[in-house]
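Below is one structure, written out as structure tokens; the observations come after it.
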Amino acid sequence: MEIEGVKVGDKVIEGKTKVVYEIPGTPHHVLLQSKDRITAGDGERAHEMIGKAEISTATTCAIFELLNSAGIKTHFIKRQGKTTMVTHQCDMIPIEWVTRRVATGSFLKRNPGVKEGYRFSPPKQETFFKDDENHDPQWSYEQCIEAKLTAGTRLIGQCEIDIMSRTTVTVFEVLEKAWASLDCSLIDMKIEFGVSPETGEILLADVIDSDSWRLWPAGDRRLMKDKQVYRELKVVTAEALDTVKRNFEWVADRVSQLSPKPHARAVVFMGSPTDMAHCEKIRSACKTFGVPCELRVSSAHKASQETLNILAQYEGEGIPTVFIAVAGRSNGLGPVLSGNATWPVINCPPITADWGAEDIWSSLRLPSGLGCTTVTSPDAAALAAAQILGLHDHVIWSKLRSKQLNTWIGLKEADKKTRDDK
Ligand SMILES: Nc1ncnc2c1ncn2[C@@H]1O[C@H](COP(=O)(O)OP(=O)(O)OP(=O)(O)O)[C@@H](O)[C@H]1O
Ligand SMILES: [Mg+2]
């Protein structure tokens with residue numbers, strides 16, 4: 001059988017809202033096809049909704065593209081067609097991971113006394129065991145561990161729970177920031193994980209769409225655009241279903257705007273082309289954070305007016321910019337830029353073994369009124385620039401956050417392996 005241009009093999013599993021197929025020839029990939037079906041309350045309420053599969057697929061694919069490009073490890077490979085996507089096959093972990101920024105819904109019932117609107121910082125996490133018959137009971141981390149669940153090669157223990165817990169918060173924060181850029185409040189969210197039998201990695205899996213979150217435009221509950229509208233319907237009329245569908249379409253339309261090209265950049269000024277290799281390292285580190293980076297050669301000592309002209313040109317373009325000054329020996333460049341620009345300047349002098357300890361003072365000891373900062377490695381310069389630009393650019397911010405997450409997971413996995421190898 002062929003679906004949207006892909007020859008599929010056996011059905012791996014069929015659920016309420018999608019079907020998973022094997023793809024012959026690529027054993028570790030599967031095709032996920034969405035259905036034109038909307039359900040709520042563990043399937044007690046269910047309706048056909050023509051067009052929902054396409055809307056859900058568009059939403060999920062845009063969200064996973066955003067998460068993949070941020071650096072979160074997910075099962076998503078590509079959108080295949082209108083209602084399908086290709087993903088890594090996963091052995092699913094039957095736990096729903098819920099994150100909440102604002103208290104609402106079932107949290108209020110389970111925590112009487114807490115008023116709707118209570119804000120959680122850090123976001124509140126809850127875990128539910130996926131068991132439709134028992135209405136997905138809430139489980140503590142201890143219950144999740146004691147259940148000795150297995151997925152692929154992994155036993156779900158403390159390490160796995162910790163990784164999923166931290167990843168869940170990061171995913172929430174990334175999506176919360178993305179939605180905030182369109183003046184929408186992400187109130188809460190549900191995600192699931194699987195284990196790749198190929199690599200043993202824990203991957204964010206399943207789907208993230210209007211079924212997975214509460215989304216309140218302008219933070220106003222009355223404007224909600226998520227499945228809650230369907231859950232709250234007293235009578236499900238064709239007209240009401242159409243409103244739900246139009247909300248979902250509204251979301252699918254907006255998600256395509258969640259990964260804008262960066263409106264930010266770093267500009268590296270070098271006093272001499274002999275520092276090119278050092279500057280190239282800064283540029284390539286900037287790239288990993290999605291920060292466009294330009295290199296310029298200009299000496300504040302030997303071509304002062306030209307340096308100021310170039311500075312004025314960048315400031316005049318209106319793109320938020322961090323300047324990075326690379327000058328050996330006496331760093332006149334960074335302080336001159338800093339004295340004439342209102343945007344941030346970071347000194348990143350190439351340190352030499354002979355005079356480095358003395359030269360650094362020309363970057364550190366500044367006339368009054370100057371506020372340039374100094375770092376001593378190209379990576380640190382790029383990181384500092386990305387952190388400044390990430391203040392207003394959620395895509396850059398997400399890459400920074402995901403990098404921290406992946407470093408943390410790497411350490412956790414290394415520690416687990418060290419202990420297992422003992
Ligand atoms: N990458 C993947 N590899 C294999 N199975 C997956 C993957 N991503 C999601 N699935 C599984 O696809 C199945 C079908 O999804 P669907 O959401 O329709 O199920 P469901 O009826 O809602 O059941 P559930 O309550 O388990 O979500 C689910 O069991 C889900 O865990
Ligand atoms: Mg499901």
Side-chain angles (χ1 to χ4, degrees), residues 3 6 8-24 26-49 52-57 59-61 63-65 67-68 72-80 83-98 106 126-139 144 147 149-154 156 164 167-168 171 189-213 226-227 230-231 248:
I3 300 175
V6 175
V8 297
D10 289 344
K11 207 183 263 187
V12 180
I13 187 162
E14 173 162 4
K16 295 184 287 286
T17 57
K18 57 194 175 290
V19 193
V20 182
Y21 295 96
E22 285 179 353
I23 305 177
T26 40
H28 296 298
H29 293 181
V30 287
L31 189 77
L32 260 66
Q33 182 167 46
S34 291
K35 298 187 196 177
D36 276 341
R37 195 149 186 80
I38 182 165
T39 72
D42 302 321
E44 273 165 27
R45 175 173 278 191
H47 291 88
E48 188 178 46
M49 183 184 278
K52 179 181 179 268
E54 190 174 337
I55 300 166
S56 289
T57 304
T59 306
T60 285
C61 290
I63 293 295
F64 273 91
E65 275 159 18
L67 294 170
N68 275 0
I72 307 271
K73 294 199 163 84
T74 84
H75 71 153
F76 180 78
I77 297 172
K78 61 166 189 174
R79 183 171 187 177
Q80 175 60 34
T83 64
T84 55
M85 60 187 197
V86 178
T87 71
H88 292 282
Q89 188 254 317
C90 285
D91 292 321
M92 297 300 291
I93 301 165
I95 300 173
E96 283 192 358
W97 289 83
V98 172
S106 70
E126 294 178 322
T127 35
F128 297 87
F129 178 54
K130 283 173 64 75
D131 177 6
D132 275 354
E133 274 175 25
N134 292 303
H135 304 290
D136 296 348
Q138 186 176 17
W139 274 14
C144 295
L149 303 167
T150 54
T153 50
R154 280 189 182 254
I156 306 305
M164 288 187 277
T167 305
T168 300
V171 169
M189 182 196 75
K190 178 222 89 171
I191 57 175
E192 295 175 27
F193 293 88
V195 173
S196 157
E198 194 182 8
T199 63
E201 275 183 313
I202 297 176
L203 301 178
L204 176 66
D206 205 57
V207 296
I208 301 182
D209 58 18
S210 288
D211 208 342
S212 316
W213 56 41
D226 51 78
K227 201 173 81 174
Y230 175 69
R231 290 190 199 103
F248 286 10

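Indexing begins at 1, ligand by ligand and atom by atom, following the structure's order. Note: hydrogens, waters and symmetry copies are ignored here, and every other heavy atom, side chains too, is used. For the single chain, residues carry numbers from 1 onward in sequence order.
Not a single donor-acceptor pair under 3.5 Å links the side chain of K190 to the backbone N or O of V98. Judged by distance alone, with hydrogens and angles left aside, the side-chain atoms of H88 form no donor-acceptor pair with the main-chain N or O of I77 at under 3.5 Å. Between the side chain of T60 and the backbone N or O of I208, at least one donor-acceptor pair lies under 3.5 Å. S212 places a side-chain N or O within 3.5 Å of a backbone atom of D209 that can act as its donor or acceptor partner. A donor-acceptor contact shorter than 3.5 Å is absent between the side chain of K16 and the backbone of A40. Of the possible polar contacts, one joining the K35 side chain to the G15 backbone as a donor-acceptor pair under 3.5 Å is found. Here the side chain of T127 pairs a donor or acceptor atom with the backbone of W139 at under 3.5 angstrom.
Heavy atoms of V12 stay at 4.0 angstrom or farther from ligand 1.
Shortest contact from atom 26 (O) of ligand 1 to any protein heavy atom: K130 NZ, 2.9 Å. Atom 23 (O) of ligand 1 has as its closest protein heavy atom K16 NZ, 3.8 Å. In terms of protein heavy-atom proximity, atom 16 (P) of ligand 1 is closest to K18 NZ, 3.3 Å. Protein heavy atom closest to atom 19 (O) of ligand 1, with residue, atom name and distance, is G15 CA, 3.4 Å.
Heavy atoms of H88 found under 4.0 angstrom from ligand 1 belong exclusively to the backbone. Contacts of D206 with ligand 1, taken as heavy-atom pairs under 4.0 Å, involve both backbone and side chain. By the criterion of a heavy-atom distance under 4.0 Å, the side chain of M92, and not its backbone, is placed next to ligand 1.
Residue contacts with ligand 1: T17 is placed with a nitrogen or oxygen under 3.5 Å of a nitrogen or oxygen of the ligand (distance criterion only). Of the polar atoms of H75, at least one N or O is found under 3.5 Å from an N or O of ligand 1, judged by distance alone. Residue C90 has at least one N or O atom closer than 3.5 Å to an N or O atom of ligand 1.
Below 4.0 Å from some heavy atom of I13 lie the following atoms of ligand 1, by number and element: 12 (O), 13 (C), 29 (O). Distances below 4.0 Å separate heavy atoms of V20 from the following atoms of ligand 1: 12 (O). Short contacts between ligand 1 and T87, defined as distances under 4.0 Å to a heavy atom of the residue, involve ligand atoms 1 (N).
A salt bridge between D91 and R154 is absent, with no side-chain N of the basic residue lying under 4.0 Å from a carboxylate O of the acidic one.
In this model, a donor atom of one side chain and an acceptor atom of the other lie less than 3.5 Å apart for T83 and Q33.
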